[in-house]
Amino acid sequence: MTNFLINIGVPKLYTGDVSLFLTMILAGIVLMFLVKKTKLGAFTYAVYDSYFITKVLYFDFMDKFSTKILVFLGLAFGLHYLLFKPTVVVKLGGRGIMKWVRRIFIAFLIVGLMATIILSWMPKKEVLDLLSPFSLKIFTTKSAHLLWAIIPLLSLFAIRRKD
């Protein structure tokens, strides 16, 4: 992907940022259709719980970051489909195009939270080689971790439809 981005004129310094951003958009759209657009709130809770469970697990196989990522994603989807999807209902307000904008926004925030979690598990050298200093501040600092952890929940609370 980086070679393609360089060939179309993206400076090499920003290819990691652009590829991460494009991946986040694509993952958000896929996520929106994969977990059903009306169940994004349930998937948000599944992501938080799977992160907590993954942090608590102290198995030897969890030492590799790729294994930890796979366990995290597997738990997120497993918890979503088995526990949260049938029980958690967060209705997003709005009509027509606004409803879609809100869904895309929530999906983007969930993917941003997941990206922050995954980047924190990756080896520092790989992350430093991948991202620019600006993106490092957005995804890897302690304040960024706090913001990415809080913003999806606050957004769900703010834009949910009140019955």
Side-chain angles (χ1 to χ4, degrees), residues 1-35 37 39-80 84 92 100-159:
M1 172 97 124
T2 56
N3 289 334
F4 172 74
L5 292 172
I6 291 171
N7 288 339
I8 63 169
V10 176
K12 188 174 182 171
L13 176 65
Y14 299 111
T15 56
D17 298 346
V18 171
S19 65
L20 178 65
F21 182 70
L22 292 174
T23 303
M24 285 177 63
I25 289 175
L26 181 64
I29 292 170
V30 168
L31 176 70
M32 198 169 60
F33 289 105
L34 194 63
V35 298
K37 52 193 174 285
K39 291 296 185 174
L40 286 171
F43 188 74
T44 304
Y45 296 122
V47 168
Y48 284 106
D49 284 351
S50 65
Y51 175 65
F52 175 74
I53 291 168
T54 309
K55 287 294 276 184
V56 171
L57 292 177
Y58 292 111
F59 296 115
D60 290 337
F61 70 90
M62 295 285 287
D63 290 339
K64 288 183 135 184
F65 79 93
S66 57
T67 306
K68 193 177 251 188
I69 292 169
L70 289 174
V71 169
F72 168 68
L73 293 174
L75 278 170
F77 283 102
L79 287 172
H80 169 71
F84 291 109
L92 302 178
W100 279 98
V101 168
R102 289 177 178 186
R103 288 174 181 164
I104 291 170
F105 180 69
I106 293 295
F108 183 77
L109 291 177
I110 295 167
V111 171
L113 171 64
M114 292 170 68
T116 302
I117 292 168
I118 290 169
L119 287 171
S120 72
W121 291 334
M122 289 177 65
K124 296 291 182 202
K125 181 174 179 358
E126 287 185 31
V127 174
L128 290 173
D129 290 344
L130 177 68
L131 300 176
S132 70
F134 176 72
S135 292
L136 287 171
K137 286 182 184 178
I138 291 175
F139 289 105
T140 61
T141 61
K142 288 185 181 199
S143 56
H145 285 261
L146 179 65
L147 285 175
W148 280 109
I150 293 172
I151 289 175
L153 286 177
L154 290 178
S155 297
L156 279 174
F157 179 73
I159 66 175

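In this text, all values refer to a predicted model and were calculated from it rather than measured experimentally.
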Quiz item: Going through the checks in order, is the side chain to side chain contact (heavy atoms under 4.5 Å, CB included) test met by Trp148 and Ile138?
Solution: CA-CA 9 Å; Trp148 280 109; Ile138 291 175; 4.1 Å; yes
Q) Heavy atoms, side chains only, cut-off 4.5 Å: are Leu79 and Tyr45 in contact? A) no
Minimal heavy-atom distance between Phe105 and Ser155, with the atoms involved, is CE2-OG, 3.6 Å
- Message: Side chains of Asp17 and Leu131, heavy atoms from C-beta outward: is any pair under 4.5 Å?
- Response: yes
Can you give me every donor-acceptor pair (side chain of residues 106-127, partner residue at least two apart or in another chain, under 3.5 Å) with its distance?
{"unit_1": "Thr116", "atom_1": "OG1", "unit_2": "Gly112", "atom_2": "O", "d": "2.9"}
{"unit_1": "Ser120", "atom_1": "OG", "unit_2": "Ile117", "atom_2": "O", "d": "2.6"}
{"unit_1": "Lys125", "atom_1": "NZ", "unit_2": "Asp129", "atom_2": "OD2", "d": "3.0"}

Taking every heavy atom of His80 against every heavy atom of Lys39, the minimum-distance pair comes out as CE1-O, 3.6 Å
For His145 and Phe139, the nearest pair of non-hydrogen atoms, with its separation, is NE2-O, 3.7 Å
One should read off an interatomic distance between Leu26 CG and Phe21 CZ, to the nearest 0.5 angstrom, of 12.0 Å
Worksheet entry | Derivation and outcome, side chain to side chain contact (heavy atoms under 4.5 Å, CB included), residues Leu34 and Phe77 | CA-CA 10 Å; Leu34 194 63; Phe77 283 102; 3.5 Å; yes
Taking only distance into account, with no hydrogens and no angle test, what donor-acceptor pairs under 3.5 Å do side-chain atoms of residues 48-56 form with protein atoms, sequence neighbours excluded?
{"unit_1": "Tyr48", "atom_1": "OH", "unit_2": "Ala149", "atom_2": "O", "d": "2.4"}
{"unit_1": "Ser50", "atom_1": "OG", "unit_2": "Ala46", "atom_2": "O", "d": "3.1"}
{"unit_1": "Ser50", "atom_1": "OG", "unit_2": "Val47", "atom_2": "O", "d": "3.0"}
{"unit_1": "Thr54", "atom_1": "OG1", "unit_2": "Ser50", "atom_2": "O", "d": "2.6"}

In this structure, CG of Leu156 is separated from CD1 of Ile151 (nearest 0.5 Å) by 12.0 Å
